[in-house]
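Just below is one structure, and these are the notes that go with it.
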Amino acid sequence: MISVLLADDQQLVRAGFRALLDAQADITVVAEADNGLQAVERARELMPDVVLMDIRMPELDGLEATRRICADPALAEVKVVVLTTFEMDEYVFDALRAGAAGFLVKDTEPAELVRAVRAAHAGDGLLSPGVTRRLIAEFAARSKEPEQPASLARLTDREREVLALVGLGLTNEEIAGRLVVSPLTAKTHVSRAMVKLGARDRAQLVVLAYESGLVRPGWLS
């Protein structure tokens with residue numbers, strides 16, 4: 001059973017999400033929060049598998065709440081999925097930097113929300129791939145000149161290649177097809193890269209791929 005914490009200051013939004021998620025046989029909403037501070041407190045108290053985190057909330061915004069949850073070693077297994085709107089796109093890359101496993105547009109289709117919760121719990125990260133890639137490309141283009149972190153030297157040539165493909169938004173199955181290896185082998189390379197780079201999840205691998213220059217925004221076109 002996947003446990004979910006809903007963090008949104010709009011009661012109607014929380015009620016809609018709860019009804020949808022609780023109707024699934026493998027998902028249960030364990031708590032709600034209507035501000036960022038409450039979200040952090042309940043995450044520490046309940047250790048949910050997934051937190052659906054709105055960006056704009058009183059007392060503490062969703063970005064800082066995400067940062068606090070992801071920085072807490074005791075909450076290493078908690079995955080945060082940020083809820084955003086196209087009008088607030090500037091927050092998305094910061095949320096991924098802060099450790100969010102991915103994000104969803106708030107008016108997403110119900111089936112996509114359910115899939116997102118399951119994907120985040122499974123460690124698949126970055127959701128809504130098409131939108132994600134366009135947004136990350138935009139913000140990566142505005143970011144500072146890429147600098148390759150020292151930790152990148154720990155990767156084998158194949159792991160660096162896999163990291164670049166993760167940065168392009170490819171799934172393990174797509175990576176396997178590109179490299180002509182089994183999906184299990186691709187997953188192993190991704191997992192090893194995460195460990196060597198100290199990445200919390202797949203989403204942070206994407207950020208690292210951009211920030212290190214392994215992937216450039218123009219490659220997404």
Side-chain angles (χ1 to χ4, degrees), residues 2-21 27 29-46 48-72 75 78-110 112-121 124-143 169 199-207 210-211:
I2 303 171
S3 57
V4 176
L5 166 62
L6 298 177
D8 194 298
D9 63 339
Q10 298 182 48
Q11 185 175 359
L12 187 59
V13 171
R14 297 199 309 273
F17 283 0
R18 175 183 277 274
L20 174 64
L21 295 174
I27 300 174
V29 175
V30 293
E32 299 179 15
D34 59 13
N35 64 68
L37 281 177
Q38 200 174 71
V40 175
E41 291 170 357
R42 293 190 174 171
R44 288 172 176 161
E45 174 189 356
L46 300 170
D49 295 313
V50 178
V51 179
L52 291 180
M53 181 81 74
D54 186 27
I55 285 288
R56 280 187 175 173
M57 289 189 291
E59 297 194 46
L60 188 72
D61 64 45
L63 184 59
E64 181 58 28
T66 296
R67 187 174 289 112
R68 293 187 187 185
I69 290 173
C70 295
D72 189 340
L75 301 178
V78 177
K79 307 297 184 185
V80 179
V81 176
V82 170
L83 301 172
T84 185
T85 65
F86 285 114
E87 290 74 29
M88 293 163 55
D89 287 346
E90 66 270 19
Y91 294 104
V92 173
F93 199 57
D94 286 339
L96 295 177
R97 286 176 187 268
F103 73 95
L104 282 178
V105 177
K106 290 185 75 172
D107 61 355
T108 188
E109 293 294 323
E112 177 68 7
L113 175 66
V114 173
R115 189 196 70 81
V117 169
R118 291 175 178 146
H121 178 247
D124 290 342
L126 288 174
L127 314 168
S128 303
V131 177
T132 300
R133 284 181 235 172
R134 289 197 300 273
L135 287 172
I136 292 182
E138 178 182 348
F139 292 109
R142 299 177 188 175
S143 66
R200 177 185 174 92
D201 52 34
R202 197 181 186 95
Q204 287 198 317
L205 284 184
V206 174
V207 175
Y210 276 93
E211 292 187 329

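- With values rounded to the nearest 0.5 angstrom, Met57 atom CE is found 7.0 Å from Asp8 atom CG.
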Assess the residue pair Leu60 and Asn35 against the criterion (side-chain contact (heavy atoms from CB on, under 4.5 Å)); give the C-alpha distance rounded to whole Å, side-chain angles, the decisive distance to 0.1 Å, and a yes or no.
CA-CA 6 Å; Leu60 188 72; Asn35 64 68; 5.8 Å; no
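- Remark: Arg14 does not engage Asp34 in a salt bridge, criterion side-chain N to carboxylate O under 4.0 Å.
- Rounding to the nearest 0.5 Å gives a distance of 10.0 Å between CG of Asp61 and CG of Leu37.
- Residues Leu75 and Arg44 form a side-chain contact, since some pair of their non-hydrogen atoms from C-beta on lies under 4.5 Å apart.
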Checking Arg115 against Glu112 for the salt bridge (Lys or Arg N to Asp or Glu O under 4.0 Å) test, could you report, in this order, the C-alpha distance in whole Å, the side-chain angles of both residues, the deciding distance, and whether it holds?
CA-CA 5 Å; Arg115 189 196 70 81; Glu112 177 68 7; 3.1 Å; yes
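- Closest approach of Leu63 to Ile55, counting heavy atoms only: N-CD1, 4.2 Å.
- Contact record, Thr66 with Met53: OG1-CG, 3.7 Å, taken as the closest heavy-atom pair.
- Between Val4 and Phe17, the closest side-chain pair of non-hydrogen atoms is not below 4.5 Å.
- Val50 and Val117 make their closest contact through CG2-O, 3.8 Å (heavy atoms, listed as atom of the first residue, atom of the second, distance).
- Minimum interatomic distance between Pro48 and Ser3 (heavy atoms only, all atoms of both residues): CA-OG, 3.4 Å.
- Ala65 approaches Gly36 most closely through the heavy-atom pair CB-O, 3.8 Å.
- Once rounded to the nearest 0.5 Å, the distance linking NZ of Lys106 with CG of Leu52 reads 11.0 Å.
- Of the inter-residue distances, the one linking Leu113 atom CG with Asp107 atom CG reads 11.5 Å to the nearest 0.5 angstrom.
- Contact detail for Ala120 and Val81: the closest heavy-atom pair is CB-CG2, 3.6 Å.
- In summary, Arg67 and Glu64 engage in a salt bridge, as defined by a charged side-chain N under 4.0 Å from a carboxylate O.
- The closest side-chain heavy-atom distance from Ile27 to Arg118 is below 4.5 Å.
- The closest side-chain heavy-atom distance from Val13 to Asp54 is not below 4.5 Å.
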